[in-house]
Participant: 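Pasting a structure here, questions to come.
Below, all heavy atoms of this structure are taken into account, side chains as well, without hydrogens, waters or symmetry copies. Remember, it's a predicted structure, so these values are computed and weren't measured experimentally.
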Amino acid sequence: MSLSIGVLGAARIVKSALLEPAAELDGVEVTAIAARDPERAAAFAAEHGIPRVLDSYDAIVDDPAVDAVYVPTPAALHGHWTRRAIEAGKHVLCEKPFTANADEAAAIAELAESSGLVVMEALHSRYHPMWARMTELIDSGVLGRISTARAEFSTPHADTTNDIRWQPDLGGGALMDLGVYPVRLLRHLFGEPEVTGAQIHDIDGVDASTTAQLAFAGGVSGEVVAIMQTDGGYAAELHVTGSAGTLYVRMPYHPYLYGELTLTTESGVVVEQGDPRTTYSFQLEAFRDAVTKGAPNLTDAREATATMKVIDAVYRAGGLRPRTPIAP
């Protein structure tokens with residue numbers, strides 16, 4: 001019996017994050033979709049072979065034939081629809097960032113835990129083997145005493161008029177859209193940080209670029225960089241410096257796309273390539289197995305809440321307020 005997934009919206013991410021991996025995995029089927037524009041939903045369903053188009057997001061959430069709901073709405077709406085799905089008895093795969101802010105995330109985490117349902121933040125990078133490999137190297141001591149770690153994700157988003165990333169009321173901003181990845185990566189490698197400073201360049205309340213300083217246990221100084229300014233270039237990387245060597249990772253958030261890990265020590269230089277299987281495929285497999293087999297949920301609501309606490313602290317340190325959730 002396949003896990004039946006209903007989709008809330010015809011966002012661009014749906015194809016790569018859900019439809020393509022579902023087509024390759026056994027036991028997963030995307031069975032229904034709804035969108036704010038019914039004609040768009042119908043066209044999207046016809047193009048991608050989704051068998052049913054329902055009238056509304058509520059209809060998806062309440063459909064007895066749907067086992068799980070995928071939430072790719074704007075970030076400020078993630079909390080509302082995740083809560084609705086949980087209350088309707090549905091498992092949830094919610095796009096990152098999990099919610100608008102940490103308070104909302106914590107409330108949903110409590111609800112998720114009491115429900116017994118699988119509620120997973122779609123922080124797909126976490127499920128790729130390269131993240132386990134980075135952890136292995138950090139924990140091995142091969143780098144010696146680690147002093148600094150810098151993680152960046154920057155890519156230009158030029159459409160400041162229509163792109164939801166440039167709309168603060170919808171949860172836009174470089175930190176929410178891009179910075180969640182390096183924040184989660186440094187948390188994954190070094191534990192929970194203290195935010196010691198942040199520099200934010202905002203345009204009409206939206207952080208076009210954010211740089212934050214983090215302090216981790218053991219004396220590791222961290223830095224997170226997220227930039228979506230229209231004249232910026234593309235950068236996705238991790239730099240870790242220790243007393244005995246350095247670790248550089250190219251494309252740690254999408255390792256299947258030219259991802260590469262370079263370890264430099266006195267013994268020489270070791271270069272490893274990322275597994276070409278997509279992060280989204282690993283993630284959907286993990287979601288399926290968490291629902292059907294009770295397998296671990298590595299990006300559950302508590303993990304997402306911890307990330308949102310850092311996001312909120314960075315905003316405050318940089319002079320902006322955390323984002324505010326909305327309801328449709």
Side-chain angles (χ1 to χ4, degrees), residues 1-11 13-14 17-19 21-22 27-36 38 41 44-45 50-124 164 170-171 280 283-295 297-305 307-308 323 325-328:
M1 181 177 177
S2 290
L3 177 66
S4 171
I5 301 179
V7 184
L8 304 186
I13 190 64
V14 174
L18 183 64
L19 295 175
V28 179
E29 186 177 3
V30 181
T31 59
I33 188 171
R36 288 172 295 174
F44 192 89
I50 301 173
R52 294 190 300 140
V53 178
L54 302 189
D55 293 337
S56 66
Y57 292 173
D58 283 305
I60 293 282
V61 168
D62 293 328
D63 192 320
V66 169
D67 303 314
V69 173
Y70 174 58
V71 182
T73 64
L77 288 163
H78 285 177
H80 173 84
W81 289 113
T82 296
R83 178 181 291 277
R84 272 283 288 117
I86 295 170
E87 291 172 345
K90 301 296 192 290
H91 305 284
V92 183
L93 179 62
C94 178
E95 270 303 328
K96 57 80 202 163
F98 186 61
T99 53
N101 58 47
D103 288 344
E104 185 182 32
I108 290 176
E110 185 175 348
L111 179 64
E113 289 170 356
S114 65
S115 74
L117 296 164
V118 173
V119 179
M120 178 182 285
E121 181 185 27
L123 207 294
H124 53 98
I164 61 173
L170 294 180
Y280 301 112
Q283 173 181 262
L284 189 59
E285 181 179 47
F287 182 66
R288 178 201 65 190
D289 291 350
V291 171
T292 62
K293 302 177 183 179
N297 178 358
L298 302 179
T299 57
D300 63 14
R302 286 297 174 191
E303 270 296 322
T305 301
T307 295
M308 291 311 302
R323 294 290 180 249
I326 59 175

Participant: For a side-chain contact (heavy atoms from CB on, under 4.5 Å) check, start with the C-alpha distance between F98 and V119, then their side-chain angles and the critical distance, and finish with the verdict.
Facilitator: CA-CA 10 Å; F98 186 61; V119 179; 3.8 Å; yes
Participant: Looking only at heavy atoms, what is the nearest atom pair of A65 and D63, with distance?
Facilitator: N-OD1, 2.7 Å
Participant: Output the distance between atom NE2 (H78) and atom CZ (R83), rounded to the nearest 0.5 Å.
Facilitator: 15.5 Å
Participant: If you compare all heavy atoms of Y57 against all heavy atoms of A34, which two are closest, and at what distance to 0.1 Å?
Facilitator: CE2-O, 3.4 Å
Participant: For the atom pair CG (L3) and OG1 (T292), what is the distance rounded to the nearest 0.5 Å?
Facilitator: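 Reported to 0.5 Å precision, the distance equals 7.5 Å.
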Participant: Is the backbone N or O of V61 less than 3.5 Å from a side-chain atom of K90, with the two atoms forming a donor-acceptor pair by type?
Facilitator: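 Yes; at least one donor-acceptor contact below 3.5 Å.
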Participant: If you round to the nearest 0.5 Å, how far is OG1 of T82 from CG of L111?
Facilitator: 10.0 Å
Participant: Determine the minimum heavy-atom distance between A105 and M308, stating which atoms define it.
Facilitator: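 Of all heavy-atom pairs spanning A105 and M308, the closest is CB-CG, 4.2 Å.
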Participant: Given side chains that start at C-beta, do those of I5 and V66 come closer than 4.5 Å, heavy atoms only?
Facilitator: no
Participant: Sequence neighbours excluded, which residues qualify as ring-ring contact (aromatic ring centres under 6.0 Å, His included) partners of H124?
Facilitator: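 Result, ring-ring contact (aromatic ring centres under 6.0 Å, His included) vs H124: Y181, H254, Y280.
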Participant: Taking side chain as C-beta onward, heavy atoms only, is H91 less than 4.5 Å from F287?
Facilitator: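 They are in side-chain contact.
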Participant: If you look only at distance, which donor and acceptor atoms sit under 3.5 Å apart when one is on a side chain in residues 67-77 and the other is two or more places apart or in another chain?
Facilitator:
from	atom 1	to	atom 2	distance (Å)
D67	OD2	S4	N	2.8
Y70	OH	E95	OE2	2.6

Participant: What is the distance from atom CG of L284 to atom CG of L18, rounded to the nearest 0.5 Å?
Facilitator: 6.0 Å
Participant: Which distance, rounded to the nearest 0.5 Å, do you find between the OG1 of T299 and the CD of Q283?
Facilitator: 6.0 Å
Participant: Under 4.0 Å between a side-chain nitrogen and a carboxylate oxygen: does that hold for R84 and D62?
Facilitator: yes
Participant: Report the distance from atom CE of M120 to atom CG of L93, rounding to the nearest 0.5 Å.
Facilitator: 7.0 Å
Participant: Against I108, only a single residue in D103, V92, T99 fulfils side-chain contact (heavy atoms from CB on, under 4.5 Å); can you say which?
Facilitator: T99
Participant: Determine whether V30 and L19 satisfy the following criterion, side-chain contact (heavy atoms from CB on, under 4.5 Å), listing intermediate values before the conclusion.
Facilitator: CA-CA 7 Å; V30 181; L19 295 175; 3.9 Å; yes
Participant: So, do I60 and V7 sit near enough that their side-chain heavy atoms are less than 4.5 Å apart?
Facilitator: no
Participant: Take W81 and I86 through the side-chain contact (heavy atoms from CB on, under 4.5 Å) test and state the conclusion after the steps.
Facilitator: CA-CA 9 Å; W81 289 113; I86 295 170; over 6 Å; no
Participant: Using a 4.5 Å cut-off on heavy atoms from C-beta on, say whether the side chain of E121 contacts that of N297.
Facilitator: no
Participant: With sequence neighbours left out, what residues match D300 under salt bridge (charged side-chain N to carboxylate O under 4.0 Å, His left out)?
Facilitator: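 D300: no salt bridge (charged side-chain N to carboxylate O under 4.0 Å, His left out) contacts found.
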Participant: Which heavy atom in V53 sits nearest to a heavy atom in A45, and how many Å separate them?
Facilitator: CG2-CB, 3.4 Å
Participant: Given the rule in the side-chain contact (heavy atoms from CB on, under 4.5 Å) test, do E110 and R302 qualify, once you have shown the distances and angles that lead to the verdict?
Facilitator: CA-CA 8 Å; E110 185 175 348; R302 286 297 174 191; 4.1 Å; yes
Participant: Can you find a pair of side-chain heavy atoms, one from P325 and one from H80, that are under 4.5 Å apart?
Facilitator: no
